[in-house]
Amino acid sequence: MVEKQITVTSPLLPDIEELNKYLSDIWSGKWITNNGKYHRQLEDALCEYLKVPYISLFTNGTLPLITALQALHITGEVITTPYSFVATTHAIWWNGATPVFVDIDPATGDMDPERIEAAITTRTTAIMPVHVYGKPCRTKEIQEIADKYGLKVIYDAAHAFGVEVDGESILTSGDLSTLSFHATKVFNTIEGGALVMRDAETKKRIDYLKNFGFAGETVVVGPGINSKMDEVRAAYGLCELKIIDDAIEARHQVAIKYREALRDVEGITFFDDMPGVKHNYSYFPIFVDAEKYGRTRDELYNELRQHNILGRRYFYPLISTFSTYSGLPSASPENLPNAHRMAESVICLPMHHELTEEDLNRIIGIIINK
Ligand code: T4K
């Protein structure tokens, strides 16, 4: 008998009837993209939901990264982390800058602020950390270093939708933060993304840049790109906002269940909630210590797959091992021991709002019964 497939995530789909109402309106109004009313409404609604002053919507989560660097005129070298999705480093490359990898803090998977200063050279212009799995970076320490050396900070917050520290959004840290609203994310618009900024002037510039650089009918103020979210996706996002809290709570319950079941399994570790942090439970990574567990990470990963449980090894392989980047001096494994260790031991277990008790028992059973 083929066992039910359980994927690492499952998209949160809005209520179809609700969405249809918006679609009928869009169809009759015939305004389907280019800063339409639902685009504007979603920006306002997200500012309120996320507790951020300004946001600019994009067609995906990669173009905001590229545009953020473009908007801040970043050149030279950008300090970043190898433990992320490859889009983070690609954005630096697309801007003609050189990525410089620093190692991660094994306690969180995020960039280790204590390693940043040693990587700064006269060519360094920015730091691009990632709130991996939605776990907040040590933003105060990073900002102190940035201020000391006059560097910009752009956070890849693709995983950090709705994450707060002491009641404040993590998305207002640094100069700019980017979000991904891809189908696999906590909040999705099928494909989509956003840039979060702190002032109206920056929003204006970024809105120009995502519209080819147009500042009016005949004026182009910069080398912009086309990355405007259309009305259908904006409407989808508005419907999604109505169900997002329940979905995050369902994810929270999944995390509780995993932690209860796996806490005492020798050789398996995971992250606990951080004090003062409102988490979004976007991923549930576990780390396999083969010696203590008695099976390697890949043996467990493959066994799960044999049972049609499709976890993922986010983020293996490390970005620094891909051929585009592996020749960089900072990409040497000796420079990145913690990142290598994490990439080689991680499995992201299925984590989404639709997992049932039965699904979770199946997954946990395979991990526990070696
Ligand atoms: N920065 C960071 C830190 C990121 O993690 C990402 C993206 C970005 C930037 C860039 O943002 P975007 O430009 O993508 O907006 C996925 C996503 O495509 C990607 O968005 C995400 N990070 C990355 C971590 O994961 P894949 O290639 O692993 O996804 P895929 O297609 O294998 O899907 C995973 C599972 O999700 C499937 O096995 C089943 C489920 N799924 C997926 C899709 C697309 C569904 O059930 N329905 C679906 O429609 O990259």
Side-chain angles (χ1 to χ4, degrees), residues 4-14 56-69 78 80-95 99 101 104 108-111 128-137 154-161 163 170-171 176-196 210 225-229 233 236-237 240 247 251 280 282-285 301 304-305 308-320 322 339 342-343 346-355 359 363:
K4 177 187 159 194
Q5 188 175 78
I6 307 177
T7 49
V8 70
T9 189
S10 176
L12 179 65
L13 297 173
S56 181
L57 297 174
F58 278 72
T59 47
N60 59 51
T62 303
L63 285 163
L65 287 165
I66 293 174
T67 306
L69 293 161
V78 178
T80 190
T81 168
Y83 195 77
S84 180
F85 190 59
V86 71
T88 313
T89 313
H90 281 349
I92 299 169
W93 204 256
W94 271 73
N95 274 274
F101 298 112
I104 56 167
T108 61
D110 291 333
M111 179 186 283
M128 196 183 238
V130 181
H131 303 295
V132 179
Y133 310 129
K135 305 185 76 274
C137 289
I154 297 141
Y155 282 100
D156 180 339
H159 304 169
F161 183 91
V163 173
I170 192 70
L171 302 171
L176 292 167
S177 290
T178 69
L179 285 163
S180 164
F181 302 153
H182 182 258
T184 55
K185 299 295 192 297
V186 171
F187 172 90
N188 84 89
T189 57
I190 306 177
E191 292 276 355
L195 252 171
V196 174
K210 76 176 184 195
I225 201 156
N226 180 6
S227 186
K228 297 167 267 103
M229 183 181 280
R233 282 179 182 76
Y236 181 108
E240 183 97 350
R251 286 169 173 272
N280 66 4
S282 51
Y283 295 85
F284 195 88
Y301 177 71
L304 287 164
R305 289 189 83 82
N308 232 351
I309 295 164
L310 309 182
R312 293 296 288 267
R313 290 165 293 185
Y314 297 132
F315 288 100
Y316 166 85
L318 285 182
I319 302 175
S320 50
F322 292 132
M342 197 167 272
V346 67
I347 303 177
C348 283
L349 296 181
M351 167 50 91
H352 57 82
H353 61 291
E354 280 175 331
L355 288 167
D359 296 336
I363 299 164

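Note that ligands are numbered from 1 as they come in the structure, with each ligand's atoms numbered from 1 the same way. These numbers come from a predicted model, not from an experiment.
- Within the 3.5 Å criterion, the main-chain N or O of Asn188 finds a donor-acceptor partner in the side chain of Glu240.
- The distance from ligand 1 to the heavy atoms of Pro11 drops below 4.0 Å at these ligand atoms: 45 (C), 46 (O), 47 (N).
- Ligand 1 has at least one atom lying under 4.0 Å from a heavy atom of Ser84.
- At the shortest separation from atom 4 (C) of ligand 1 among protein heavy atoms lies Phe85 CB, 3.4 Å.
- A donor-acceptor distance shorter than 3.5 angstrom exists from the side chain of Asn280 to the backbone of Phe161, with no hydrogens or angles considered.
- Below 30°, between 30° and 60°, or above 60°: for Tyr83 and Tyr133 the angle between ring planes is above 60°, a perpendicular geometry.
- Distance check for atom 9 (C) of ligand 1: a protein heavy atom is found below 4.0 Å.
- The shell of residues lying under 4.0 angstrom from ligand 1, judged by heavy atoms, includes Lys185.
- Distance remark: protein heavy atom present below 4.0 angstrom from atom 36 (O) of ligand 1.
- Among all protein heavy atoms, the one lying closest to atom 38 (O) of ligand 1 is Thr7 CG2, 4.0 Å.
- Atom 43 (C) of ligand 1 has Thr184 CG2, 4.2 Å as its closest protein atom, hydrogens excluded (heavy atom only).
- Nearest approach of His352 to Val8, heavy atoms of both residues: CD2-O, 4.0 Å.
- Residue contacts with ligand 1, taken as heavy atom pairs separated by less than 4.0 Å, involve Thr62 via backbone and side-chain atoms alike.
- The shortest contact between atom 49 (O) of ligand 1 and any protein heavy atom is with Ala183 CB, 4.1 Å.
- Comparing heavy-atom distances from atom 3 (C) of ligand 1 across Gln5, His131, His159 singles out His159 as nearest.
- Taking every heavy atom of both residues into account, Val130 and Ser84 meet most closely at CG2-OG, 3.6 Å.
- With hydrogens and angles left out, the side-chain atoms of His182 and Thr184 include a donor and acceptor closer than 3.5 Å.
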Checklist entry - After noting the C-alpha distance and the side-chain angles of His159 and Phe315, does the key distance pass the ring pair (Phe, Tyr, Trp, His ring centres under 6.0 Å) rule? => result CA-CA 13 Å; His159 304 169; Phe315 288 100; 5.7 Å; yes
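- Close to ligand 1: Thr9, with a non-hydrogen atom less than 4.0 angstrom away.
- Note: no N/O pair closer than 3.5 Å links Phe315 and ligand 1 by distance alone.
- Distances below 4.0 Å separate heavy atoms of Ala87 from the following atoms of ligand 1: 8 (C), 9 (C), 10 (C).
- Arg313 pairs by the salt bridge (Lys or Arg N to Asp or Glu O under 4.0 Å) definition with Asp298, not counting sequence neighbours.
- Shortest contact from atom 12 (P) of ligand 1 to any protein heavy atom: Gly61 N, 3.5 Å.
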Item to check | Steps toward side chain to side chain contact (heavy atoms under 4.5 Å, CB included) verdict (Leu65, Asp156) | outcome: CA-CA 7 Å; Leu65 287 165; Asp156 180 339; 3.6 Å; yes
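- With a heavy-atom cut-off of 4.0 Å, Phe181 does not touch ligand 1 at all.
- Between Leu304 and Ile363, the shortest heavy-atom distance links the atoms CD2-O, 4.3 Å.
- Comparing heavy-atom distances from atom 18 (O) of ligand 1 across His90, His352, His182 singles out His182 as nearest.
- By the 4.5 Å heavy-atom criterion applied to side chains, Pro317 and Phe322 are counted as neighbours.
- Remark: Lys228 fails to qualify as a cation-pi partner of Phe58 under the 6.0 Å distance and 45° angle criteria applied to the six-membered ring.
- Each of the atoms 11 (O), 12 (P), 15 (O) of ligand 1 lies under 4.0 Å from some heavy atom of Ser180.
- Not a single salt bridge (Lys or Arg N to Asp or Glu O under 4.0 Å) links Lys135 to another residue, sequence neighbours left out.
- Each of the atoms 24 (C) of ligand 1 lies under 4.0 Å from some heavy atom of Tyr283.
- The two atoms that bring Ser177 and Leu171 nearest to each other are OG-O, 3.1 Å, heavy atoms only.
- For a threshold of 3.5 Å applied to N or O pairs, the pair formed by Tyr314 and ligand 1 contains at least one separation below that value.
- Residue-ligand proximity, Ala158 to ligand 1, at heavy-atom distances under 4.0 Å covers atoms 1 (N), 2 (C), 3 (C), 4 (C), 9 (C).
- Taking every non-hydrogen atom of Arg312 and a distance limit under 4.0 Å, the qualifying atoms of ligand 1 come out as 26 (P), 28 (O), 30 (P), 32 (O), 34 (C).
- In this structure, atom 1 (N) of ligand 1 lies nearest to the protein heavy atom Asp156 OD2, 2.7 Å.
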